[in-house]
Protein chains: 2
Amino acid sequence: MKEKVTIYDIAKALNITAATVSRALNNNPKISEATKTLVMETAKKMNYEQNRFALALKSGKSHNVGVIVPFINRNFFSSIIRGIEEELYPKGYHVIICQTHEDAKKEEETVQNLLNAQVDGILMSVSKTTQQVRHFKKILKSNTPLVFFDRIKEMDGVSTVTINDFQGGYMATKHLIDVGCTRIAHATVDLALPIYKHRFEGYKQALEDHDIAYNDDYLITTKSDIDAGEKAIKKLLKLKNAPDAIFSASDYAALGAIQQLNVLGIKVPDDFAVVGFSNEPFTQFMELSMSTVDQSPVEMGKTAARVFLEQMKEPNLKIMKKVELSPELIVRKSSSKLTANNKQI
Amino acid sequence: MKEKVTIYDIAKALNITAATVSRALNNNPKISEATKTLVMETAKKMNYEQNRFALALKSGKSHNVGVIVPFINRNFFSSIIRGIEEELYPKGYHVIICQTHEDAKKEEETVQNLLNAQVDGILMSVSKTTQQVRHFKKILKSNTPLVFFDRIKEMDGVSTVTINDFQGGYMATKHLIDVGCTRIAHATVDLALPIYKHRFEGYKQALEDHDIAYNDDYLITTKSDIDAGEKAIKKLLKLKNAPDAIFSASDYAALGAIQQLNVLGIKVPDDFAVVGFSNEPFTQFMELSMSTVDQSPVEMGKTAARVFLEQMKEPNLKIMKKVELSPELIVRKSSSKLTANNKQI
DNA sequence: TAGATTCGTGCAATCGATTACATAATTCAG
DNA sequence: CTGAATTATGTAATCGATTGCACGAATCTA
């Protein structure tokens, strides 16, 4: 139907060469103003659109960036992607989405695939099962900017955008202390992953700063789901000196905890306070809304995108930027209790 | 660093021409088996990867598909995208994500942009504010397959994947009737949009089939948020013959309704039953879990992708396929009541 | 006014893969 | 054993945009 208009068509129409048209469109200073405007105008008139492939083939730049996440239908990740898309789209970049399903092998394959597609950059959150860094090195070797967000792997030459998980853990724990809890448990997911390790360290530090001894029995490792949270509560309540609060590194486990506490007839927050982590949408919709730590994922996505753009501006310079965003404690009902010493927050 | 290997490199290594290499790699029957295997092997040995841009430039096919949704961080849409990605990725397609923010103008711009990027197809859910179909016609004119999912616009030459919203509305309403409700209200969002219109029609049909007169006072138009649901309940309860149940076309409005009923001390589900629509994740996490209609979004995404792939197989044939998926009623606490005539479902 | 600059364009190669057409090598029919 | 048919490969154009180099024309210098 509608044949694509090329610079040759414009050239023919104006009786000049394609080279001149190209230069005019690129605002090359060697072209006279007269020709420039003339070319611009006819280009517009003829509905000219630059062919991305020809450009990509010539320049090696695709104006695409690859984004790799474990799953895209997890609020945290889809919100990050939203942030990335909003930041990059106006700059003419397209965002290519890939999921790893937390599978290290699929991650490697995906990376290879995106490199082959010659994306201009890769923004990603590392899969839980990833051990190797070979594929990341390949990215760097191919001179493609690489930005990790949230789940990172410490590597030379890679920029990272994270939230301060230590601070998040600290805030959550301190808040529980502030509302009068003294026997605070912590549910973690996998201490081998930096994000969880840092939350745990924040938890420990908050205890220490408030002269509460760390109790190893109060540390429990769970999966990030409701079931795991239920089991964790059952286990914790069997202790002779059972806790009166829990800071869970996962909102889902926290939800399971609350549900189980309900079943057992234990009053939340009065007899047992709960704080989660991530600010999943459901946490605010629960009847007993859940206190949690917000990670501002949209902002994280935007930041990651901006870091990428900076890197693109300085193609020679190897920038390695580490941005750390601040988490925000969101106090809701599951931990809002009035005590002798504390006002409701 | 690592220079890209091209077919010319392979050709040089084997002392043949690039044409032969190309043909061998494409399994052209005119090439002898001997050369084929030889080429294949050296290609593998040299880590050859086909240059997508050269191919795209030559063929006009990008092996990219554009996906346009209002927002990507809405569970429904991100799940659809997940389905699309899972179906298309193994076939060598990359998925380019764009959001419209429900803005018709941004939608037009995005379409133009994707066309310019020469995507091989566009899968999309139409923005709420879209009136014009000019940009859709442009897609068709450029001979690019177009598939609408969920939010469609009736047009010639466009394939659609929807769920049977009528059936969903019918099932939800019939279920409420089955548990003994007789004065069933309906909260809709915008009857101008087919999805909501069909849900409403299903609602009406279910009433009619069970000899319940349709009452115009029970129809209420709300936005799709919690606030709107609260207001709707307030308004409905002011009626002299107040309803005893509501089928809301939005889970969010249904949530608002439940919260407001709680505030007013009205027992859910015994005194007032509630069914939502969409099966948003939060509906199952609420203490009083919400009955709702599931739209199997991942399946919808996969189906849309498959329809696209079929279209690609028959480039000459103009296929126009209309797939309708069945919704599934999910009964949870907000409508599970025991009545004289009904067993608990 | 001759020679040197500057300015604006054109020429042609390039990016990497595909493919119609040409050609060389082999096989086959009679 | 010769011409035709078949098979395997090479030649060169093409997709669309960019860009180093060349070149003619205009302007300037002394």
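Here is the naming used below: chain letters follow the sequence lines, and residue numbers restart at 1 for every chain.
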Participant: Atom CD of B:E49 to atom P of C:dC15: distance rounded to whole Å?
Facilitator: 19 Å
Participant: Can you check the A:N28 CG to C:dG10 P distance for me, whole Å?
Facilitator: 13 Å
Participant: Consider side chain to side chain contact (heavy atoms under 4.5 Å, CB included). Of A:E107, A:K128, A:E109, A:E108, which one does A:T100 pass it with?
Facilitator: A:E107
Participant: Can you find a side chain N or O atom of B:T6 that sits less than 4.0 Å from OP1 or OP2 on C:dC15?
Facilitator: no
Participant: For the CG atom of A:L325 and the CG atom of A:D150, what is their distance to the nearest 0.5 Å?
Facilitator: 10.0 Å
Participant: Can you check the B:L14 CG to D:dG10 C1' distance for me, whole Å?
Facilitator: 15 Å
Participant: Answer yes or no on whether A:K91 is positioned over the face of A:F308, meaning its NZ or CZ is under 6.0 Å from the six-membered ring centre and within 45° of the axis.
Facilitator: no
Participant: Nearest-Å distance, CD1 (A:I10) to C1' (D:dA17)?
Facilitator: 11 Å
Participant: Nearest whole Å is fine: how far is C:dG8 P from A:L38 CG?
Facilitator: 15 Å
Participant: What is the minimum heavy-atom distance between A:N64 and A:R52, and which atoms define it?
Facilitator: ND2-NH2, 3.6 Å
Participant: Figure out the CG/P separation between A:N27 and D:dT19, and round it to whole Å.
Facilitator: 14 Å
Participant: Return a table of donor-acceptor pairs under 3.5 angstrom between the side chains of residues 116-127 of chain A and protein atoms on other chains or two or more places apart.
Facilitator:
| residue | atom | partner | partner atom | Å |
| --- | --- | --- | --- | --- |
| A:N116 | ND2 | B:Q50 | O | 3.3 |
| A:D120 | OD1 | A:S62 | N | 2.9 |
| A:D120 | OD1 | A:S62 | OG | 3.4 |
| A:D120 | OD2 | A:H63 | N | 2.7 |
| A:S125 | OG | A:F149 | O | 2.7 |
| A:S125 | OG | A:R151 | N | 3.3 |
| A:S127 | OG | A:E102 | O | 3.2 |
| A:S127 | OG | A:T129 | N | 3.2 |
| A:S127 | OG | A:T129 | OG1 | 3.1 |

Participant: For nucleotides 18-25 of chain C, read 5' to 3', which letter fits each nucleotide if B means a protein heavy atom sits under 4.0 Å from the base, S means only the sugar-phosphate is that close, and - means neither?
Facilitator: BBB-----
Participant: Can you check whether B:E310's main-chain N or O pairs, donor with acceptor, with B:K321's side chain at less than 3.5 Å?
Facilitator: no
Participant: Roughly how many Å is it from CD1 in B:I16 to P in D:dT11, rounded to a whole number?
Facilitator: 12 Å
Participant: Quick one: A:L57 CG to D:dG16 P, roughly how many Å, whole number?
Facilitator: 12 Å
Participant: Please pick, from C:dT9, D:dA17, C:dG16, the nucleotide with the shortest atom-to-atom distance to any side-chain atom of A:T35.
Facilitator: C:dT9
